[in-house]
Amino acid sequence: MTESRTHTLFSFGTLRDERVQTALFGGAVPTSPAALAGYTTRPLKITDPAVIAASGLDVHLILERRLGALVEGAVLHLTDQELAAADAYEVDDYTRRRVVLSSGATTWAYLDAKPLRPAERIVVVGDSIAYGRCDPRGGWAGHLAAAHIAGNEAERRLFNLAVPGSTLADVGEQTPALLAARRPDTLLVAAGINDSAVPAAGTTAQADADLPAGSGSSSASDSDSEETADFARLAGSLDTLAATALGHNARLVVAGPSWLDEDRTRDYEGLRFTRARALALRASLRAWCEANHIDFLDLWEPLRERTELLVDGLHPSAEGHRALYEHLDALGR
């Protein structure tokens, strides 16, 4: 029985070559003409001998964003096995993500593995840390804006629309109405730490929710149920943001929480932030991103055990924001 070709993959380069298809898939695969709006291409030097042998080229193309541009190509119709072979063929500079074709159809495409490097117009949404609280220079997002725009003052933009106090649910509700006027190609979401907070004067059950499953006085099954419910709520908000981004032909990028000093966050404006809850949030965000082929930027390590870079145990100082930016820049650009 012939395996169903359930996947579509936009190609603008060597995967359209029948020799490459024969090497990867054992023969030519069905293709149809397609175009990708809002993108252009740039050259990428290839050093992998196997990839060079298959394509006959040591320079391939990689997509980057450009408002008003169009990349012509083709959609390949692939089986599970053929899609896995295409993944193996692409070098580490590429990663597979969902995109919207000029026709309005969604499909896979190989994009730059560093999600902020090909961006032209970035929108940042999130909470007070993304907003840049405690840093008069606008926090890590302010540093990112300066570096990003400096690369092309005429074309590049970064809009920081973060709102202090926001949860992921808040961000999911607020964001759709904000995007059309900004025409983003990249939506950077940095929220979730407020979702992890519990009332500072909470009950024993609430305190147990701060702890890893099985380590509190609640039963393991109760802890597991709470953790499952928390993840379901987060996943629902992230699903909404993913659909919003795709609806605007934008790439969703999710930033994880930064390290916090639990000893200094026992009662923060009536809320309690704990390391266990923040780590559970980090794991949940990462798991959702991996399952949905979304970029995850882990911001935990730059401030880890560096309590002097936190103003109140939660919000980074100006120096802390600088450390977060440098780490994010290395991961994303």
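More than 12 heavy atoms of other residues, nucleotides or ligands lie within 6.0 Å of CD in E301, so this atom counts as buried by the packing criterion. F273 CZ: more than 12 foreign heavy atoms inside a 6.0 Å radius. Within a 6.0 Å radius of CZ in R304, no more than 12 heavy atoms belonging to other residues, nucleotides or ligands are found. E326 CD: more than 12 foreign heavy atoms inside a 6.0 Å radius. A 6.0 Å sphere centred on CG of N152 holds more than 12 heavy atoms belonging to other residues, nucleotides or ligands.
A donor-acceptor pair shorter than 3.5 Å cannot be found between the side chains of S11 and Y110. No side-chain donor from either of R98 and H293 sits under 3.5 Å from a side-chain acceptor of the other. Residues S317 and E319 bring a donor and an acceptor atom of their side chains to less than 3.5 Å of each other. If you check the side chains of Y39 and R65, you find a donor sitting under 3.5 Å from an acceptor. A donor-acceptor contact under 3.5 angstrom links the side chains of H315 and S128, judged on distance only. Side-chain contact, D170 with T167: a donor N or O sits under 3.5 Å from an acceptor N or O. Side-chain atoms of T107 and T8 form a donor-acceptor pair, as typed in the model, at a separation below 3.5 Å. W140 and D329 form no side-chain donor-acceptor contact under 3.5 Å, judged by distance and modelled atom types alone. Between the side chains of T31 and H77, no donor-acceptor pair is found at a separation under 3.5 Å.
Under a hydrophobic clustering in which Ile, Leu, Val, Met, Phe, Trp and Tyr are joined whenever their side-chain heavy atoms come within less than 4.5 Å, directly or via other members, I193 and W300 fall into different clusters. Linking Ile, Leu, Val, Met, Phe, Trp and Tyr whenever their side-chain heavy atoms come within less than 4.5 Å puts L303 and I129 in one cluster. By the criterion of side-chain heavy atoms lying less than 4.5 angstrom apart, applied directly or through intervening Ile, Leu, Val, Met, Phe, Trp or Tyr residues, L297 is grouped together with L279 in one hydrophobic cluster. L63 and L116 fall into different hydrophobic clusters, where Ile, Leu, Val, Met, Phe, Trp and Tyr side chains are chained together by heavy-atom contacts under 4.5 Å. V189 and V163 sit in two unconnected hydrophobic clusters of ILVMFWY residues. Membership requires side-chain heavy atoms under 4.5 Å apart, directly or through other members.
For the pair R97 and W108, the cation-pi criterion (under 6.0 Å, within 45° of the ring axis) is not fulfilled.
Side-chain contact between L285 and L168: present, with at least one pair of heavy atoms (C-beta onward) separated by less than 4.5 Å. A heavy-atom distance below 4.5 Å is not found between the side chains of Q174 and L161. Between L67 and E155 there is no side-chain heavy-atom pair separated by less than 4.5 Å. Counting only heavy atoms from C-beta outward, the side chains of R272 and P199 never approach each other to under 4.5 Å. Side-chain contact between V198 and R277 is present, with at least one heavy-atom pair separated by less than 4.5 Å. Side-chain atoms of F159 and P184, non-hydrogen and from C-beta on, never get closer than 4.5 Å to each other. Taking 4.5 Å as the limit, every side-chain heavy atom of L61 sits out of range of all side-chain heavy atoms of V71. Here the side chains of H60 and Y94 are in contact, with some heavy-atom distance below 4.5 Å.
Closest non-hydrogen pair, P43 versus V59, comes out as CB-CG1, 3.8 Å. Of all the heavy atoms in R137 and A318, the pair that sits closest is NH2-CB, 3.6 Å. Taking both residues in full, the closest heavy atoms of S102 and A37 are given as OG-N, 3.5 Å, listed atom of the first, atom of the second, then distance. Heavy atoms only, all atoms of each residue included: E90 and L15 are closest at OE2-CD1, 3.5 Å. T265 and L314 get closest at one heavy-atom pair: CG2-N, 3.9 Å. The nearest pair of heavy atoms linking A35 to L70 is CB-CD1, 3.8 Å.
Look at D312 and R264 and you find no salt bridge, because none of the NZ, NE, NH1 or NH2 atoms lies under 4.0 Å from a carboxylate O. The residues D17 and R19 are annotated as salt-bridged, a charged nitrogen and a carboxylate oxygen being separated by less than 4.0 angstrom. Between D185 and R121, no side-chain nitrogen of the basic residue sits less than 4.0 Å from a carboxylate oxygen of the acidic one, so the salt-bridge criterion is not met. Taking the charged nitrogens against the carboxylate oxygens, K45 and D93 have no contact shorter than 4.0 Å, which rules out a salt bridge. One finds a salt bridge joining D298 and R282 here, because a Lys/Arg side-chain nitrogen approaches an Asp/Glu carboxylate oxygen to under 4.0 Å. E120 has no carboxylate O lying under 4.0 Å from a charged side-chain N of R157, or vice versa, which leaves the two without a salt bridge.
The distance from the CD1 atom of I62 to the CG atom of D112 is 4.0 Å, given to the nearest 0.5 Å. Once rounded to the nearest 0.5 Å, the distance linking OG1 of T14 with CG of L57 reads 7.0 Å.
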**Stepwise salt bridge (charged side-chain N to carboxylate O under 4.0 Å, His left out) check, D87 with R96** = CA-CA 8 Å; D87 285 348; R96 178 160 52 86; 2.8 Å; yes
**Request:** Check the pair V123 / T186 against side-chain contact (heavy atoms from CB on, under 4.5 Å), numbers first and verdict last.
**Result:** CA-CA 6 Å; V123 165; T186 304; over 6 Å; no
